[in-house]
Amino acid sequence: MPTPMRGDGHPSPAAISAVGLRKSYGDKTVLDGIDLRIPAGSVFALLGPNGAGKTTAVQILSTLSTADGGQAQVAGHDIATSPGGVRAAIGVTGQFSAVDGLITGEENMLLMADLHHLSKRSGRRVTAELLERFDLVDAARKPAQSYSGGMKRRLDIAMTLVGNPRIIFLDEPTTGLDPRSRHTMWQIIRELVSDGVTVFLTTQYLDEADELADRIAVLNDGRIAAEGTAEELKRLIPGGHIRLRFTDPSAYRSAAVALRETTRDDEALALRIPSDGSQRELRSLLDRLDSAGVEADELTVHTSDLDDVFFALTASTVPSRPAQSTQPTQSKEDVR
Ligand SMILES: Nc1ncnc2c1ncn2[C@@H]1O[C@H](COP(=O)(O)OP(=O)(O)OP(=O)(O)O)[C@@H](O)[C@H]1O
C-alpha cells in the first residue's frame with residue numbers, strides 16, 4: 001500500500017493504524033487479521049456485506065470492545081494500553097446512537113457538554129453553534145423522539161462534535177435515510193473533513209463510499225479483500241466495455257467483421273467490445289469503424305463500478321447476485 005504524501009512530500013501522519021487485528025465470538029472468527037493505515041484528515045470507508053465485521057472493527061478501534069489479537073493506534077494512542085487517550089480524541093456515532101429521545105435536542109447537547117466538562121457558558125455557546133450548523137434550531141426545544149430519522153442523525157453527529165474530536169467513527173451514518181437526508185449527511189461529512197477531521201465510515205452503500213471516501217477497504221470473511229481508492233478498486237475488476245448498437249443488420253455484420261474481438265448479440269444487433277474506457281481505445285475503435293465505412297446508431301461506454309467490485313470480492317456471501325458473482329467480468333449494465 002503506497003504511503004500517502006502531504007503537499008510537502010512528507011508522509012501524512014496516520015490517524016488510525018492497525019496491524020493484525022483479530023476478534024472472535026465463540027468459534028466464529030469475525031476479524032482475521034486486519035491491517036489499516038488511515039492518514040489524518042482523510043475519509044476511509046469500510047465496506048462489507050451484513051455481518052462482515054464492520055461494526056466490530058469500529059467498536060474495537062473506538063475501545064468499546066477489545067481485540068483478541070493485533071495492535072492499533074488511534075490518534076497516537078494504543079487502544080489496549082491507552083483507551084482513555086483514544087476516547088478523548090474520538091467521536092463515535094451510528095448504530096449505537098447516544099440520543100435520548102425523552103429530552104429535547106438542546107438538552108441532549110447540553111448533557112453532552114456537561115460530560116465533556118465544559119463550563120455552563122461554553123456549553124450553551126457550543127450547543128447554539130452546533131444546533132445552528134446542523135439546522136436544528138427550530139426543533140431544539142422539542143423532544144428528540146419527535147425528530148425524523150435525518151434530524152436524529154444530525155443531532156447525533158452534533159452531539160459527537162461537542163467534544164471537538166479529531167477522529168470520527170460513523171457506523172452506517174445514512175442507513176434508512178431518504179435521498180435528501182443522505183445528501184445532507186454527505187455534505188456534513190465533507191465539511192468535517194475540510195475542517196481537518198479524519199472520518200472512519202462504515203457503509204453498505206457503494207455510492208456513498210464512492211462519493212466520500214479517499215480510500216475504501218472491502219471486508220469479507222474477516223479479511224480486507226481489497227483496499228484502495230475507488231478508481232483503484234474499479235480497475236481490479238475487469239468489466240469495462242463499449243457497446244455498439246445498430247439498426248441496419250448489414251452494418252451490424254460489417255462492424256462485427258471489422259472489429260473481430262467482440263461479443264455479438266444478433267437479436268439486439270449489438271456488439272460488445274472489451275475496453276478500459278480510455279480515449280485511446282475509443283479512438284482506435286472509431287477509426288476501425290470508419291475504415292470499414294460503418295456507423296453505429298448508438299455507442300455507450302461502460303466502466304466497472306464499485307457494485308461490480310463489491311459483488312466480485314464478496315461473491316461467496318452474496319448468492320442473490322449470481323450473474324455477477326459467477327461472472328465478475330460482466331458489467332452492471334448488462335445484468336440489470
Ligand atoms: N457481541 C457479540 N456476540 C456474538 N456475536 C457477535 C457479537 N457482535 C457481533 N457478533 C457477530 O459478529 C459478526 C460481525 O458482526 P458486525 O456487527 O461487526 O457486522 P457488520 O459488518 O457491522 O454487519 P451489519 O452490516 O449487518 O451491521 C456477525 O456474525 C455477528 O453476529
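Order of listing sets the numbers, starting from 1, for every ligand and every atom in it. Keep in mind it's a predicted model, so treat the numbers as computed, not measured.
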Chi angles and distances behind the side-chain hydrogen bond (donor to acceptor under 3.5 Å, both in side chains) call for Ser181, Asp178: CA-CA 5 Å; Ser181 301; Asp178 66 36; 3.0 Å; yes

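- Heavy-atom minimum distance, Asn108 versus Ala144: ND2-CB, 3.8 Å.
- Close approach to Ala52 involves these atoms of ligand 1, each under 4.0 Å from a residue heavy atom: 19 (O), 20 (P), 21 (O).
- No heavy atom of Gln59 sits closer than 4.0 Å to any atom of ligand 1.
- Within ligand 1, counting atoms from 1 as listed, the ones closer than 4.0 Å to a heavy atom of Lys54 are 18 (O), 19 (O), 20 (P), 21 (O), 22 (O), 23 (O), 24 (P), 25 (O).
- Counting the atoms of ligand 1 from 1 in the order shown, those under 4.0 Å from a heavy atom of Glu172 are 24 (P), 25 (O), 27 (O).
- When only modelled atom types and interatomic distance are considered, Thr174 and Glu208 share a side-chain donor-acceptor pair under 3.5 Å.
- Closest approach of Pro49 to Lys54, counting heavy atoms only: O-NZ, 3.1 Å.
- Interface atoms of ligand 1 facing Thr55, defined by a heavy-atom separation under 4.0 Å, are 17 (O), 18 (O), 20 (P), 22 (O), 27 (O).
- Of all heavy-atom pairs spanning Val193 and Gly41, the tightest one is CG1-O, 3.4 Å.
- Residue Ile79 comes nearest to Leu61 through the heavy atom pair CG2-O, 3.8 Å, listed as atom of the first residue, atom of the second, then distance.
- Heavy atoms of Pro49 approach ligand 1 to within less than 4.0 angstrom.
- At a 4.0 Å cut-off, at least one heavy atom of Gly53 sits close enough to ligand 1 to count as contact.
- No cation-pi contact links Arg253 to Phe246, judged by a cut-off of 6.0 Å to the six-membered ring centre and 45° from its axis.
- Less than 4.0 angstrom separates some heavy atom of Gln204 from each of these atoms of ligand 1: 25 (O).
- Comparing heavy-atom distances from atom 12 (O) of ligand 1 across Val30, Thr203, Asp171 singles out Val30 as nearest.
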